[in-house]
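See below for the structure under consideration.
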Amino acid sequence: MLVKNQLFCEIKQKEMDKNIVVFNTLTRKKEKFKPLNPPSIGMYVCGPTVYGDPHLGHARPAIAFDLVFRYLKHTGYKVRYVRNVTDVGHLESDADEGEDKIEKKARLEQLEPMEVAQYYLDRYHLFMDQLNVLRPSIEPRASGHIIEQIAMAKKILDAGMAYEVNGSVYFDVEKYNTKHNYGKLSGRVLEDLIANTRNLEGQDEKKNPCDFALWKKASPEHIMHWPSPWSEGFPGWHLECSAMSIKYLGEQFDIHGGGMDLLFPHHECEIAQSVAANGKESVKYWLHNNMVTINGQKMGKSLGNFITLNEFFTGTHKSLTKAYSPMTIRFFILQAHYRSTLDFSNEALQAAEKGLKKLIQGMETLKKIKPSSNSSVDISKLQLDCYHALNDDFNSPIVISNLFEAARIINSANDGKETLTAANIELLKKLFNDFAFDILGLHDDTAFSGNDLTEGLMELILSLRQNAKVNKDFATSDKIRDELTKLGIAVKDTKDGTVWNV
RNA sequence: GGUCUCUUGGCCGAGUGGCUAGGCGCCGGUCUGCAAAACCGCCUACUCCGGUUCGAAUCCGGAAGAGACCUCCA
């Protein structure tokens, strides 16, 4: 019976994996997902620039593409997932006069640039691990691929699509656009771009304000620089992703992901670079996640309205009424479709926290359900609906709604209002294992304690002790103090009230 | 200013040309020493104005509002 059931599931699964549909930004339509070389899939996602603590906005693409990675693997594909680390290269065009971001921070803190990058990369890993985001197959660093980037810039120069000025190399957008379409991904028209691009200082080297740097000559105060045929310098903003994706996934690969804010110019430039260097586009499906908003506005570095993951986990940001566990954050993000904006609020986060708890408890309750000889529910429909939802552009909210329905069935069965057969129970277990744990990557961290839990508990214990003292129940009040002492917590009654420390 | 996107009930959020997710919250009930949990019920929405249609919240046009990108950003 059980074997038969599993077989049925496997067959169903094979049917399902051929029907994945993804929204391709390139065509602005949902398209049938057909890998270039099944069962292998190449996926590249733009990773973090490691010069600050990761915030809620960084969790969105990490989790969105973690879901894609997990689901594609679940359906039997062999996925090579590459996510880069930007530890050099992003120019700042404002008052900093082209100073490298990593470097700027380094000078402020009197550290080696690589020391700063390493520190924040470690922080990034720490928080992503807590969010149960799987590590990518390869995590290449831009600083480790200078040679590849120089080689690609050379190819673009050889193709006549770039020019050198004073040791810097720029991509010739206008020339490229005579043969190809610069703007095909973002839907922009070059003439409009030229008319609307701001003229920033220090850009007189460029033929056209739209041209972007492939290689930039380092100014004397620049400490991060590498030798190249053109100058001691550093690679331009967009080159690393093109060079590294092609190096590890080939000249053509299946999926390229990233935040919608990278669509232009970053991803547009990647396409131009690939076409100029290799004569063909490298990406088949472009997937973009939407932004996390706060008070209706994008949460981001530049606006300074971001809340770091560390602040969420400890409840230490002024906008937070409490600490939220990593799984609460993960669940909160998965409750919205990856292409929709997601608005942060304490209320929404608390709703996510309670909802997740309900699911986790449903799974626990399932363990004690006694099987009946007949069934009053159809579990396989829930399973099928979950597959349909994921096949339809990774619709996690629908999956979650089906899991809630499963939890409702479990609770009702526990109340004797529904009946479940042994097969039903097995299927429910499989449902939670596959979708909640394996694909959505959720697990039980309800015991997670933020700093405020200890504070709250101590406040409670000490108020009970105070009550005992007021009632002259000194046996109880002394017992509380002695037991706390045994636990390593010192309690002292001062004239300003009771204080404690570990 | 240019390009694009969005507007769903108290909140968060799916989705569809007719069968009107889900969570949280509120209220009522069952249960309960009290509470919690659980279950049942309730609150039934789609910015506005036109049009197409037997029928639109869903398609088309217009208006208003919000946002993203055009500069580093996930």
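A, B, ... follow the sequence lines: proteins, then strands. Residue 1 opens every chain.
Geometrically, A:Arg83 does not engage A:Tyr44 in a cation-pi contact defined by less than 6.0 Å to the ring centre and at most 45° from the axis. In this structure, A:Lys175 is not positioned above the aromatic face of A:Tyr182 in the sense of NZ or CZ being under 6.0 Å from the six-membered ring centre and within 45° of the axis. In this structure, A:Lys430 is not positioned above the aromatic face of A:Phe432 in the sense of NZ or CZ being under 6.0 Å from the six-membered ring centre and within 45° of the axis. Cation-pi geometry between A:Lys301 and A:Phe306 is met: under 6.0 angstrom from the ring centre, within 45 degrees of the axis.
Here the side chain of A:Ile398 is nearest to one of B:rA14, B:rA74, B:rC70, namely B:rA14. Proximity note for A:Ser345 (side chain, C-beta onward) versus B:rA37, B:rG13, B:rC11: the nearest is B:rC11. Closest to the A:Lys298 side chain, of the nucleotides B:rC39, B:rC69, B:rG15, is B:rC69. Of the candidates B:rC11, B:rG23, B:rC39, the closest approach to any side-chain atom of A:Phe404 belongs to B:rG23. Candidate nucleotides B:rG13, B:rA68, B:rA38 were compared by shortest atom distance to the side chain of A:Asn411, and B:rA38 ranks first. For A:Leu342, counting side-chain heavy atoms from C-beta on, the closest listed nucleotide (B:rG22, B:rA74, B:rG13) is B:rG13. Closest to the side chain of A:Asp343, out of B:rG23, B:rA14, B:rC12, is B:rC12. Here the nucleotide nearest the side chain of A:Leu262, chosen from B:rG22, B:rC11, B:rA74, is B:rA74.
Within 4.0 Å (heavy atoms only), A:Gly296 reaches sugar-phosphate atoms of the nucleic acid but no base atom. Within 4.0 Å of A:Val45, counting heavy atoms only, lies no atom of the nucleic acid at all. Among the atoms of the strands shown, only primed sugar atoms or phosphate atoms (P, OP1, OP2) are found under 4.0 Å from some heavy atom of A:Lys354. Within the 4.0 angstrom heavy-atom criterion, only backbone atoms of the sugar-phosphate kind lie near A:Ser412; the bases stay farther away. Residue-level contact check: A:Asn290 touches the bases, meaning some heavy atom is under 4.0 Å from a base atom. In this structure, A:Thr365 reaches neither bases nor backbone, as no heavy-atom distance under 4.0 Å exists between it and the strands shown.
If you find the closest nucleotide of RNA chain B to A:Met299 and to A:Ala351, the one lying nearer the 5' end belongs to A:Ala351. Both A:Ser401 and A:Ala407 lie near RNA chain B, and the one whose nearest nucleotide falls closer to the 5' end is A:Ser401.
One finds a side-chain N or O of A:Thr49 lying less than 4.0 angstrom from the OP1 or OP2 phosphate oxygen of B:rA74. Distances shorter than 4.0 Å separate none of the side-chain N or O atoms of A:Arg28 from OP1 or OP2 on B:rU5. OP1 and OP2 of B:rG23 both lie 4.0 Å or more from every side-chain N or O belonging to A:Lys357. Using a 4.0 Å cut-off, no side-chain N or O of A:Ser340 falls inside it from OP1 or OP2 of B:rG13.
Taking atom P on both B:rA74 and B:rU5, the two are 24 Å apart, rounded to the nearest angstrom. With C1' as the reference atom, B:rG17 and B:rG55 are 8 Å apart, rounded to whole Å. Separation of the P atoms belonging to B:rG67 and B:rU58 is 24 Å when rounded to the nearest angstrom. When the P atom is used for both B:rA45 and B:rG22, the distance is 15 Å, rounded to whole Å. Using atom P as the reference point in both B:rC48 and B:rU8, the two lie 11 Å apart (nearest Å). Nucleotides B:rU3 and B:rG13 place their C1' atoms 28 Å apart, quoted to the nearest Å. The same atom, C1', is picked in B:rA21 and in B:rA57; the two are 15 Å apart, to the nearest Å. Going from the P atom of B:rC6 to that of B:rC43 covers 31 Å, rounded to whole Å.
The number of heavy-atom neighbours closer than 6.0 Å to NZ of A:Lys217, taken from other residues, nucleotides and ligands shown, is 12 or below.
Across every strand in view, B:rU5 sits in a pair with B:rA66 that passes the Watson-Crick or G-U test at under 3.5 angstrom. Across all strands shown, the partner of B:rG61 is B:rC49, judged by Watson-Crick or G-U wobble contacts whose two distances both fall under 3.5 Å. Figure legend. B:rC54 is base-paired to B:rG18; pairs are counted as Watson-Crick or G-U wobble with both atom distances under 3.5 Å. Across all strands shown, nothing is found opposite B:rC31 as a Watson-Crick or G-U wobble partner with both distances under 3.5 Å.
Between A:Lys358 atom NZ and A:Ile410 atom CD1 the span is 12.0 Å, to the nearest 0.5 Å.
Separating the OH atom of A:Tyr324 from the P atom of B:rC12 is a distance of 14 Å, rounded to the nearest angstrom. Atom-to-atom, CG of A:Leu334 to P of B:rA14 comes out at 12 Å; the value is rounded to the nearest Å. Atom-to-atom, CD1 of A:Ile400 to C1' of B:rG15 comes out at 15 Å; the value is rounded to the nearest Å. Rounded to a whole Å, the CG atom of A:Asp261 is 13 Å from the C1' atom of B:rG67. One atom, CE of A:Met260, and another, P of B:rC70, lie 14 Å apart when rounded to the nearest Å. Following rounding to the nearest Å, A:Gln297 (CD) and B:rA66 (P) show an atom-to-atom distance of 11 Å. For the pair A:Leu359 CG and B:rA38 C1', the computed distance is 15 Å after rounding to whole Å. Put simply, CH2 on A:Trp286 is 16 Å from C1' on B:rC69, counting in whole angstrom units.
With respect to A:Lys184 and A:Glu281, a salt bridge is recorded, a charged nitrogen being found less than 4.0 Å from a carboxylate O.
In this structure, A:Tyr51 has its ring center no closer than 6.0 Å to that of A:Tyr120.
With hydrogens and angles ignored, no donor-acceptor pair closer than 3.5 Å exists between the side chain of A:Arg188 and the base of B:rC70.
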